[in-house]
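A note on names: the letters A, B, ... follow the listed sequences, proteins ahead of strands, and every chain is numbered from 1.
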2 protein chains.
Amino acid sequence: MKASDKVKHRTDMISSALRSAILERVLMPGMKLPEDSLGERFGVSRTLIRQSLERLAAEGLIELRRNKGAMVAKPSLEEARDLFELRTQIEDLVISRVIKNMTPDILAELEAHLAKEVEAEHASEPKSIRLATEFHILLAKLAGSPVLLRYVEEIGYRCGLTLSLYARPHSTDCGIQEHRQIIEALAKGDEDVARQLMRHHLTAVADRALFTTEEGGPLLYLDALEPYAKKVRDGGA
Amino acid sequence: MKASDKVKHRTDMISSALRSAILERVLMPGMKLPEDSLGERFGVSRTLIRQSLERLAAEGLIELRRNKGAMVAKPSLEEARDLFELRTQIEDLVISRVIKNMTPDILAELEAHLAKEVEAEHASEPKSIRLATEFHILLAKLAGSPVLLRYVEEIGYRCGLTLSLYARPHSTDCGIQEHRQIIEALAKGDEDVARQLMRHHLTAVADRALFTTEEGGPLLYLDALEPYAKKVRDGGA
DNA sequence: TGTGGCGCAATTGTATGCAATCAACTATAC
DNA sequence: GTATAGTTGATTGCATACAATTGCGCCACA
């Protein structure tokens, strides 16, 4: 395998960068994403930017309106609820699968991740949000089904986006304890309990977030994107 | 509304055309899809073809390999099972929603669709397959959640693709009776029964198909795509 | 005859240019 | 003063041109 093989392709890198920026609330819902300026930032032509935007649009993270350009998606409250409901339903499957596959190694991975979450508990808000999302994605990975992983990832990201719209700060803190309980149930192989805990956890996350109804302000374009673009320009991952 | 407003955009038309071609088994799994020849067929440049291919790849209907071009996806048996399992889980939600929304109008729509299925029972194979898939999509529409619709559609299509790989001919026939039963349960508002029927139905469809294990032959490029391309060139939907 | 390398043809990856569309602004008429 | 039409600037839609990569076939050589 050549070294150039790990640098997947620039479109992937750009999509990932933008996705991270959105999930870490650097690009807030409603912000406009003009192809030209993004291309300039990332040091590539509009072609690649277009591809990335199109991909993110397919994932539901941005909206793409004909001749009017892209903007970070602003899911409605109803959509947000639908997303969480769907997610809950799908993660039932994840639970079953993980329990079927459970080994000491898997348990160790889960606990290692939990440790990272604990460590980051008082660090920056975006980081703990990211780790919380990645806990669910790790579970989906351990479920051993690429299909499942694909959809859990996508819907998880979309839920993350809605949280940045509707959640108030520090609404994620108490999630860690819930993650711990889920891991314990998984370790014991208690499927029903794990499922119940997961459902409760997701409902709780949604509820903590989705009952404030503030309407988003106007839409500014942010230079804070710079660090993400830099990584891509420098050929990072 | 202008006349040009219904012609969504060419990329959409091309994606739809290709999707239909795949689902109707005109483009079989494993077939290569070179950008140039497709562009020529559809009368557009590679730019639009690329976009369409990229979109279908995101939906999981084609695979896109770096510098090697696109081909119709060839899901593994395991992937196929995962897809059906996921689908089953998600359609639970559809059932609940449809029952919540149930009105005489909705019931009428469902029965109208069933009538179409009955009518096409002895027509061409692709047509009855398409109608069977569309029954589930209609249900998702009636569930009233765009999010749900999006994923049921996508996963339904992917299941349709796997059926073209693994199913033997005429394996869909007995599905109509099952659809009828589901409608009846929905009409009565009997959620548990409807859910059970749907689960049983999907399992049956999968089982009828997924236990033959023939390995697909070599991969030829087919001119049979022509009618699909023509529609797009002529500006049709 | 088998194997390794080299170059060519085919196909994809990316950038750029031009046309089409949309939004905002201005000027003019009522 | 308001409303409407014309115009301009910015942004996207699409095609084309060029660069990079891959795979195959050919030839040299053992």
Next item on the list: Measure the spacing between OG1 of A:Thr162 and CD of A:Glu79 and express it to the nearest 0.5 Å.
Entry: 9.0 Å

Whole Å only: how far is the [atom1] atom of [X] from the [atom2] atom of [N]?
{"X": "A:Arg46", "N": "C:dC18", "atom1": "CZ", "atom2": "C1'", "answer": "11 Å"}
{"X": "B:Leu38", "N": "C:dT11", "atom1": "CG", "atom2": "P", "answer": "12 Å"}
{"X": "A:Arg10", "N": "C:dT14", "atom1": "CZ", "atom2": "C1'", "answer": "7 Å"}
{"X": "B:Arg50", "N": "D:dC14", "atom1": "CZ", "atom2": "P", "answer": "16 Å"}
{"X": "A:Glu35", "N": "C:dA15", "atom1": "CD", "atom2": "C1'", "answer": "14 Å"}
{"X": "A:Ile14", "N": "C:dG13", "atom1": "CD1", "atom2": "C1'", "answer": "12 Å"}
{"X": "A:Glu40", "N": "D:dA10", "atom1": "CD", "atom2": "C1'", "answer": "14 Å"}
{"X": "B:Gln51", "N": "C:dG13", "atom1": "CD", "atom2": "P", "answer": "14 Å"}

Presence of [X] side-chain N/O under 4.0 Å of [N] phosphate oxygens OP1/OP2:
{"X": "B:Ser45", "N": "D:dA15", "result": "yes"}
{"X": "B:Arg66", "N": "D:dT22", "result": "no"}
{"X": "B:Lys68", "N": "D:dG23", "result": "yes"}
{"X": "B:His9", "N": "D:dT12", "result": "no"}

Next item on the list: Please check if the side chain of A:Ser37 supplies one atom and the backbone of A:Leu33 the other of a donor-acceptor pair under 3.5 Å.
Entry: no

Check: Which comes earlier along DNA chain C counting from the 5' end, the contact point of B:Thr47 or that of A:Asn67, where each point is its nearest nucleotide?
Finding: B:Thr47

Check: Where does the angle between the aromatic ring planes of A:His179 and A:His136 fall among parallel (under 30°), tilted (30 to 60°) and perpendicular (over 60°)?
Finding: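 A:His179 and A:His136: perpendicular rings.
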
Notebook entry, point to check: Taking all non-hydrogen atoms of both residues, which atom of B:Met71 and which atom of B:Lys74 are closest, and how far apart?
Noted result: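 Residues B:Met71 and B:Lys74, closest heavy atoms: CE-CD, 4.4 Å.
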
